[in-house]
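A quick write-up on the structure given underneath.
We're numbering straight along the sequence, starting at 1.
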Amino acid sequence: MRELKFAILGLVNRNALSGYDITKAFSDSLSKFWEAKHSQIYPELRRLMDEGLVEYTVAIHGEKLEKKLYSITEKGRNELMQWLTTPEPLEPVPKDAFRLKIYFGENLEREQMAEVLKSQLREYQARLAILEASFATVAECPPEKFTPEFSEYLLIKGGILRDNAYINWLRDCADLLELSID
């Protein structure tokens with residue numbers, strides 16, 4: 001399935017956007033749960049154009065700079081709605097190199113295992129700090145449901161819960177191994 005297709009369709013369904021704006025959305029708000037590079041976005045935009053799912057208008061920006069503003073077509077909106085309302089099967093368990101290290105942890109000395117756990121804890125704490133900073137800008141649950149702001153609120157909150165659970169698991173591993181990692 002081309003999830004990038006639906007990510008772009010969802011963005012241009014909200015507002016007409018340039019390729020630059022779409023790329024910026026991936027590096028800003030979408031980066032908390034999805035990533036796409038410039039080199040992936042523009043070819044996907046061309047495919048969406050070829051399939052009649054998006055169209056563009058040319059807007060003048062500044063004195064002479066032209067930029068394409070992409071918007072969703074009716075056909076694109078229909079495909080987006082079909083995708084949004086189709087139940088999503090559970091993804092297979094992702095490969096996780098850290099968990100693989102834990103699986104073979106019997107080969108490590110106590111200090112080595114403690115350092116492996118500490119390193120992962122620092123990584124998750126750093127990512128959690130970024131999510132919490134994003135959440136602080138939202139301040140409180142947006143009163144309007146079914147808005148882009150409310151959707152972002154839900155995703156940031158979910159990311160915080162996920163990372164807190166992972167941090168708690170790391171601490172639990174350390175406790176069970178009788179190691180200090182904080």
When rounded to the nearest 0.5 Å, the distance separating NZ of Lys67 from OH of Tyr56 is 15.0 Å

Distance (rounded to the nearest 0.5 Å) between Phe6 CZ and Thr86 OG1: 8.0 Å

Please confirm whether the backbone N or O of Gly52 pairs with a side-chain atom of Thr73, one donor and one acceptor, at under 3.5 Å? yes

Heavy-atom count around Tyr20 OH within 6.0 Å, excluding the residue itself: above 12? no

Using distance only, find each side-chain donor-acceptor pair of residues 116-133 under 3.5 Å and give its atom names and separation, not counting sequence neighbours.
residue : atom : partner : partner atom : Å
Arg122  : NH2  : Glu115  : OE2          : 3.0
Arg127  : NE   : Asp163  : OD2          : 2.9
Arg127  : NH2  : Asp163  : OD1          : 2.8

Report yes if the side chains of Glu3 and Trp34 come closer than 4.5 Å at any heavy-atom pair, otherwise no. yes

pair Asp21-Ser18: side-chain heavy atoms closer than 4.5 Å: yes

Derivation and outcome, side-chain contact (heavy atoms from CB on, under 4.5 Å), residues Arg171 and Asp182: CA-CA 8 Å; Arg171 288 183 173 137; Asp182 282 308; 3.1 Å; yes

Hey, can you tell me if Trp169 and Tyr166 have their rings parallel, tilted or perpendicular (30° and 60° cut-offs)? perpendicular

For residues Trp83 and Glu88, determine if any side-chain heavy atom of one lies less than 4.5 Å from a side-chain heavy atom of the other. yes

Does one hydrophobic cluster hold both Phe150 and Leu161, with members joined at side-chain heavy-atom distances below 4.5 Å? no

Would you check, one step at a time, whether the test side-chain contact (heavy atoms from CB on, under 4.5 Å) holds for Leu4 with Phe26? CA-CA 10 Å; Leu4 179 56; Phe26 274 97; 3.5 Å; yes

Assess whether a salt bridge exists between Lys5 and Glu79, defined as any Lys/Arg side-chain N lying under 4.0 Å from an Asp/Glu carboxylate O. yes

Tell me whether Arg14 contacts the main-chain N or O of Leu9 through its side chain, where contact means a donor paired with an acceptor under 3.5 Å. no

Run the side-chain contact (heavy atoms from CB on, under 4.5 Å) test on Cys141 and Tyr153 for me, step by step, so that the C-alpha distance in whole Å, both residues' side-chain angles and the decisive distance to 0.1 Å come before the verdict. CA-CA 7 Å; Cys141 181; Tyr153 173 86; 3.6 Å; yes

Beyond-backbone contact of Leu45 with Ile8, side-chain heavy atoms, under 4.5 angstrom: yes

Lys145 NZ: over 12 foreign heavy atoms closer than 6.0 Å: yes

Using modelled atom types only, decide if a donor and an acceptor are shared between the side chain of Asp96 and the backbone of Phe98 within a distance under 3.5 Å. yes

Taking 4.0 angstrom as the limit, do Glu35 and Lys37 come out as a salt bridge? yes

According to a 4.5 Å side-chain heavy-atom criterion applied to Ile, Leu, Val, Met, Phe, Trp and Tyr, with indirect links allowed, do Leu69 and Ile41 form part of one hydrophobic cluster? no

Could you please spell out the steps behind the side-chain contact (heavy atoms from CB on, under 4.5 Å) verdict for Met113 and Ile102? CA-CA 8 Å; Met113 178 60 88; Ile102 296 298; 3.9 Å; yes

Looking at Lys75 and Glu51, would you say the former's side chain and the latter's main chain have a donor-acceptor pair under 3.5 Å? yes

